[in-house]
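The structure appears below as structure tokens.
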Amino acid sequence: QVQLVESGGGLVQAGGSLRVSCAASGRTFSNNAMGWFRQAPGKEREFVAGISWSGGLTQYTDSVKGRFTISRDNAKNTVYLQMNSLKAEDTAVYYCAASVAGYPGTYGGNYDAWGQGTQVTVSS
């Protein structure tokens, strides 16, 4: 079983940037795709970004394309989400997740391990 710990959330003004990180332990990190999801108050959890086992394939939800970048460092067992040009609607708890497969997907059921979440708040 893999353990995931997110960090780096916080409060930022609209238009600003923030990077959240997710440190993994417990199984071979480089075998699996990783994803970031978010959940805003009163809304369902949604897929934000995913990255393949090698980092060669990335996937984003439309609302963050061109603003967010997912990356990974397999030597450090860490996945990152760089968030630029943040908007108030990006405010949510951001969760890191480990996929059961080598390639990412938007469906939460494809991920079998989740972090505890980190709060990102964007003030307008």
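One is the number of the first residue; the rest follow in order along the sequence.
Thr78 places a side-chain heavy atom less than 4.5 Å from the side chain of Ser21. Counting heavy atoms from C-beta outward, Trp114 and Cys96 have side chains that stay 4.5 Å or more apart. The shortest side-chain heavy-atom distance between Met83 and Arg67 does not fall under the 4.5 Å cut-off. Here the side chains of Ser17 and Gln82 are in contact, with some heavy-atom distance below 4.5 Å. A heavy-atom distance below 4.5 Å is not found between the side chains of Ile51 and Leu57. In this structure, the side chains of Val120 and Val20 come closer than 4.5 Å at one or more pairs of heavy atoms.
When every heavy atom of Gly115 is checked against every heavy atom of Glu6, the shortest pair comes out as CA-OE2, 3.2 Å. Val2 and Ala24 get closest at one heavy-atom pair: CG2-CB, 4.1 Å. Considering every non-hydrogen atom in both Asp112 and Gln1, the closest pair reads O-NE2, 3.6 Å. In this structure, Ala88 and Ser124 approach most closely via the heavy-atom pair CB-CB, 4.2 Å. Taking each heavy atom of Pro104 and Ala33 in turn, the nearest pair found is N-CB, 3.5 Å.
In this structure, CD in Gln116 is found 9.0 Å from CG in Leu4, a value given to the nearest 0.5 Å. To the nearest 0.5 angstrom, Glu89 atom CD is 8.5 Å from Ser63 atom OG. Rounding to the nearest 0.5 Å places OG1 of Thr91 at 8.5 Å from CG of Leu86. Atoms OG and CZ, on Ser54 and Arg72 in that order, are 8.0 Å from each other to the nearest 0.5 Å.
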**Request:** Mind running side-chain contact (heavy atoms from CB on, under 4.5 Å) on Thr118 and Val93 for me, showing each step along the way?
**Result:** CA-CA 5 Å; Thr118 186; Val93 177; 6.0 Å; no
**Message:** Using side-chain contact (heavy atoms from CB on, under 4.5 Å), reason through Asn31 and Trp53 one step at a time and then give a plain yes or no.
**Reply:** CA-CA 6 Å; Asn31 286 350; Trp53 66 276; 5.9 Å; no
**Request:** Give the intermediate values and the outcome of side-chain contact (heavy atoms from CB on, under 4.5 Å) for residues Lys76 and Phe29.
**Result:** CA-CA 9 Å; Lys76 295 182 178 180; Phe29 176 76; over 6 Å; no
**Message:** Checking Thr61 against Thr106 for the side-chain contact (heavy atoms from CB on, under 4.5 Å) test, could you report, in this order, the C-alpha distance in whole Å, the side-chain angles of both residues, the deciding distance, and whether it holds?
**Reply:** CA-CA 8 Å; Thr61 192; Thr106 62; over 6 Å; no
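Sequence neighbours left out, not one pair with a member in residues 68-99 passes ring pair (Phe, Tyr, Trp, His ring centres under 6.0 Å). Judged as a salt bridge (Lys or Arg N to Asp or Glu O under 4.0 Å), the pairs with a partner in residues 41-53 (not counting sequence neighbours) are, in order, Arg38-Glu46.
Ring to ring, Tyr111 and Phe37 are close: their centroids are under 6.0 angstrom apart.
When the side chains of ILVMFWY residues are joined at heavy-atom separations under 4.5 Å, either directly or via intervening members, Phe47 and Leu81 end up in two distinct hydrophobic clusters. Clustering ILVMFWY residues whenever any of their side-chain heavy atoms sit less than 4.5 angstrom apart, transitively, puts Val48 in the very cluster that holds Ile70.
At a threshold of 4.0 Å, the pair Asp62-Lys65 counts as salt-bridged, since one of the basic side-chain nitrogens sits closer than that to a carboxylate oxygen.
Checking Gln119 against Thr121 by side-chain atom types alone, a donor-acceptor pair falls below 3.5 Å. Counting only N and O atoms by type, the side chains of Asn32 and Ser99 include no donor and acceptor under 3.5 Å apart.
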